[in-house]
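Data first, discussion second: the structure below is written as structure tokens.
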Amino acid sequence: MSDFPDDMPFFEDPAAPRATGGSVAPGGIAARALKARGATGPNYLQGLNPEQRLAVETTEGPLLVLAGAGTGKTRVLTTRIAHILSLGLAYPSQILAVTFTNKAAREMKERIGVLVGGAVEGMPWLGTFHSIGVKILRRHAELAGLRSDFTILDTDDVIRLIKQLIQAEGLDDKRWPARTFANMIDGWKNKGLGPSEIPEGDARSFANGKGRQLYQAYQDRLKTLNACDFGDLLCHPIRILRANPDILREYNARFKYILVDEYQDTNTAQYMWLRLLAQRPSFPLAGKVPAERADGGGDVAPHPAPPPPGPAGHPPRKGEGSSVNICCVGDDDQSIYGWRGAEVDNILRFDKDFPGAAVVRLERNYRSTAHILGAASHLIAHNEGRLGKTLFTEAPNPDDGKVNVHAAWDSEEEARAVGETIEQAQRKGHLLNNMAILVRASFQMREFEDRFVTLGLNYRVVGGPRFYERLEIRDAMAYFRVVAQPADDLAFERIVNTPKRGLGEAAIRQVHDYARARDIPMLAAATDLVQTEELKPKPRSALKEVVDNFNRWHSLLDSKPHTELAEMILDESGYTAMWQNDRTAEAPGRLENLKELIRSMEEYESLRSFLEHVALVMDAEQNEELDAVNIMTLHSAKGLEFETVFLPGWEEGLFPHQRSLDEGGRSGLEEERRLAYVGLTRAKKNLHIWFVSNRRIHGLWQSTIPSRFLEELPEAHVEVAETGNSYGGYGQSRFDRAADPFQNSYSTPGWQRAQANRSEATRSNWGSRSGANVERIGYGEADSGFGAGRGSVKGRMIDGELVAKSVSDTPSAFKPGDRVFHTKFGNGNVASIDGNKLTIDFDRAGQKRVLDSFVQKV
DNA sequence: ACTCTGCTTCTTTTT
DNA sequence: GAAGCAGAGT
């Protein structure tokens, strides 16, 4: 089957839309004419400002769009594609549009669909770098030594594999952690380096100088497993395109227009990948299928070619084809993936890579208030080496509030206060969906979750613990993988003895060794072994059953509907039964998840296509219906916007993160600052920044000092909030006295815990700044007479707050005595009901008040 | 073979 | 504070 779907003309009547074909040189006559024409263009162009419109209509030649936060970047990208299609400049299948995240790809697809209708479906080359990489790699897998049904390993698999290799080398996997090496490999692949190309120093720095050898061994192993990792999805295509000019030419001829989102985040490998694909064919491609590809996939122009670029197109230069229609959109101020190998440099030198590039700046911000914009601009101005943009809004509103900075004693109070603010806003009629808490590191989320659970406040963790990373899902997937790809040893090893079948280390080791010795997959090895006397009778019969099962399931792969087959696999393997017999609190939830897994398979046509989807799109769709507060990391917030944004944890060591400072030095700090900038610019109307004086790191309490970023905010746009329960007026130095214990109520849990932990406060390496600050707590004279234990304090306050906010009057579906399950607290009995809030006696967690939507009857 | 316990380390961010 | 691991115990 061809991976190049049929090219579908976008318009029924190809003559109609072509009249306006062609391109516009920036500032040229055509551009001015277009401007003069104003709103008379096609209606999708209406409502664009002049810069946006220029970016949309400059279709020919290289173009860099520097789009500040909230300036309508996505709109430009999608409208540009619609424009290209409606002018008939290319077929949908001739446009390559790359994004970084699945989310961005999905959104782009949706929005193009709105503009252009069903034609989006004809855009097979809209996707993430990785998904497009797979697509290319599947077509030419054999050139990378793979079969086209190769498996894509996720990070977990990779680490397990590397661990095996390290142990096989006789190295101490404590001293040389697999995780570290996985990161190194990832780093190399981000630079497009194979085992033979890595710097000598890198190679020597790991595993007693065996780094290179180990990398090579890893690649070899991947090949025999018929698998690749995320990095390979970029590197293999690069190597294939380089080594096979004819294939490269095929793609070059195919992609008439290339669009790249978030260009500032491209790493070296992605850059090389783009450079290759963005080449123009140096001579016209004969309209023929290259000899070695008989499947028709190489035929790039099965239909009459679309019209050539109009008269204003750049004339072809001597010795090469016409110039490249590549459009990169990005914002150097939002480059936050340096740690993943992103090279801001790529965007900074765009015009050198693509000579004659036009540059359009989008600086008109449609998102945020003037105060928020002012704060963000002032902060980011502390960075050097920017391309420099000045965001402005055309609709300043004198009623807009300033950016609020709040202090809290500890992270628990922070969570409590944020929760309170959210509830207040909710009472005023604001939707929870319009609010977001953006944290620097995911461990910060917990405290908010805990708090919101006790408050009965709906929340959703975006990009959080992902569905497909859960234990039971990974196990189930491992079964499916072995059935679909019997050579998938990693999956096989994962589940041979899950549920327990009496196949211990010894037995598995034998299968493993036999497989390695013969260079065959483990399942095949097991098939051989069970016919011999090598294994003891018990493991032997257990293994035989496994082998027989897999053979049977495999034989049903094409005949049985895949959802039925999947259910059958889980049942017959005893996996479902394993959880049914499990009496722990998680078991019901896990069974529920397995059902959900089967349900989600229905959308796919086969087990194989489902597996591919999971490998790439490791995120589950969120329930948008439910009104809930959004909790996510700053990184995953990029590209989103919310009415109200909370930014907790602005403390030295956490934000900026100590590790960024240690490893990245100055540029590390600048990246953190850009992250702060991203956070600030997510907010449309209200922005609340928080910092605390005490935070628990690695389980012990540490004193912290406010982030330097706070001092970098402009006074004029910032207001230091004096909320009722907050501590400390700000005197001389705005933030230093934030945590004056003498204005505290001594009964806060944080205070008590600080007391309790005072003696054992051995400060670890959490940065000299916070370390030096330890003694500033200075509560030596306070003795420990503030009786109330943590539980009672918490209980009392919760009651007070909850009484005040029981609003729901819909009759509850629960009644006292009901047996229920809660994903966090486990099983319990309903004690009493208050609107939509339940008091439940949990078997393990004790009495808790929770929202009814968080529990289910069992 | 499996399970329990105490020890360690770790927590940046993602395809 | 949790997850992962080694070693001991069943």
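A quick note: this is a predicted structure, and the numbers were derived from the prediction, not measured.
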Could you tell me how far apart [X] ([atom1]) and [N] ([atom2]) are, to the nearest whole angstrom?
{"X": "A/Gln270", "N": "B/dT14", "atom1": "CD", "atom2": "P", "answer": "15 Å"}
{"X": "A/Leu233", "N": "B/dT15", "atom1": "CG", "atom2": "C1'", "answer": "8 Å"}
{"X": "A/Ile508", "N": "B/dA1", "atom1": "CD1", "atom2": "C1'", "answer": "11 Å"}
{"X": "A/Asn183", "N": "B/dT13", "atom1": "CG", "atom2": "C1'", "answer": "12 Å"}
{"X": "A/Asp156", "N": "B/dT15", "atom1": "CG", "atom2": "P", "answer": "15 Å"}
{"X": "A/Asp172", "N": "B/dT9", "atom1": "CG", "atom2": "P", "answer": "12 Å"}
{"X": "A/Asn267", "N": "B/dT14", "atom1": "CG", "atom2": "C1'", "answer": "12 Å"}
{"X": "A/Glu262", "N": "B/dT13", "atom1": "CD", "atom2": "P", "answer": "19 Å"}

C1' spacing across the pair C/dG4 / B/dT13, given as an integer number of angstrom: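 It works out to 22 Å between them.
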I'd like to check the side chain to side chain contact (heavy atoms under 4.5 Å, CB included) partners of [X]; sequence neighbours left out, ordered by chain and number.
{"X": "A/Thr99", "value": "A/Ala104, A/Ala105, A/Met108, A/Thr128, A/Asp261"}
{"X": "A/Ala376", "value": "A/Tyr677, A/Leu680, A/Thr681"}
{"X": "A/Leu276", "value": "A/Ile238, A/Leu241, A/Arg242, A/Leu248, A/Gln279"}

Q. So what does A/Ser131 hit on the nucleic acid, given a heavy-atom distance under 4.0 Å: a base, only sugar-phosphate, or nothing?
A.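 It contacts nothing in the nucleic acid.
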(message) Mind checking if A/Phe100 touches a base, just sugar-phosphate, or nothing, with heavy atoms under 4.0 Å?
(response)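 Touches sugar-phosphate only.
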Can you pull every protein N or O that's under 3.5 Å from an N or O on nucleotides 2-8 of chain B?
residue, atom, partner, partner atom, Å
B/dC2, OP1, A/Gly502, N, 3.1
B/dC2, OP2, A/Asn497, ND2, 3.2

query: By salt bridge (charged side-chain N to carboxylate O under 4.0 Å, His left out), which residues pair with A/Arg175, not counting sequence neighbours?
result: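 Expected list: none.
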Taking only the side-chain heavy atoms of A/Arg340 (C-beta and beyond), determine which of B/dT13, B/dA1, B/dT15 contains the nearest atom.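 The answer is B/dT15.
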| query | Hey, do the aromatic rings of A/Trp339 and A/Tyr337 have their centres closer than 6.0 Å? | reply |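 Distance test on ring centres: under 6.0 Å, yes.
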- Query: When you measure from the side chain of A/Asp154 to the backbone N and O of A/Asp157, does any donor-acceptor pair fall under 3.5 Å?
  - Reply: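 Pair found, side chain donor or acceptor close to backbone of A/Asp157.
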- Task: Take the angle between the ring planes of A/Phe452 and A/Tyr459 and call it parallel below 30°, perpendicular above 60°, tilted in between.
- Result: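 Tilted: the ring planes of A/Phe452 and A/Tyr459 meet at 30° to 60°.
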Original post:
5'-most contact on DNA chain B: A/Thr633 or A/Arg179, nearest heavy atom basis?
Top reply: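 Between the two, 5'-proximity favours A/Arg179.
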Output yes when A/Lys638 and A/Asp265 qualify as a salt bridge under the 4.0 Å nitrogen-oxygen rule, no when they do not.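 The answer is yes: the pair qualifies as a salt bridge.
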Protein-nucleic acid N or O pairs under 3.5 Å, nucleotides 2-7 of chain C:
residue, atom, partner, partner atom, Å
C/dC5, OP1, A/Lys163, NZ, 2.8

query = Can you tell me how far CD of A/Glu449 sits from CD1 of A/Ile437, rounded to the nearest 0.5 angstrom?
reply =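 Rounded to the nearest 0.5 Å, the CD1-CD separation comes out at 10.0 Å.
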Q: For the residue pair A/Asn346 and A/Thr266, confirm or rule out a side-chain donor-acceptor distance under 3.5 Å.
A: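 Yes, A/Thr266 and A/Asn346 have a side-chain donor paired with an acceptor closer than 3.5 Å.
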[N] base stacked by [X]? Criteria: ring centres under 5.5 Å, plane angle under 30°.
{"X": "A/Phe443", "N": "B/dT11", "answer": "no"}
{"X": "A/Trp339", "N": "B/dT13", "answer": "yes"}
{"X": "A/His698", "N": "B/dC10", "answer": "yes"}

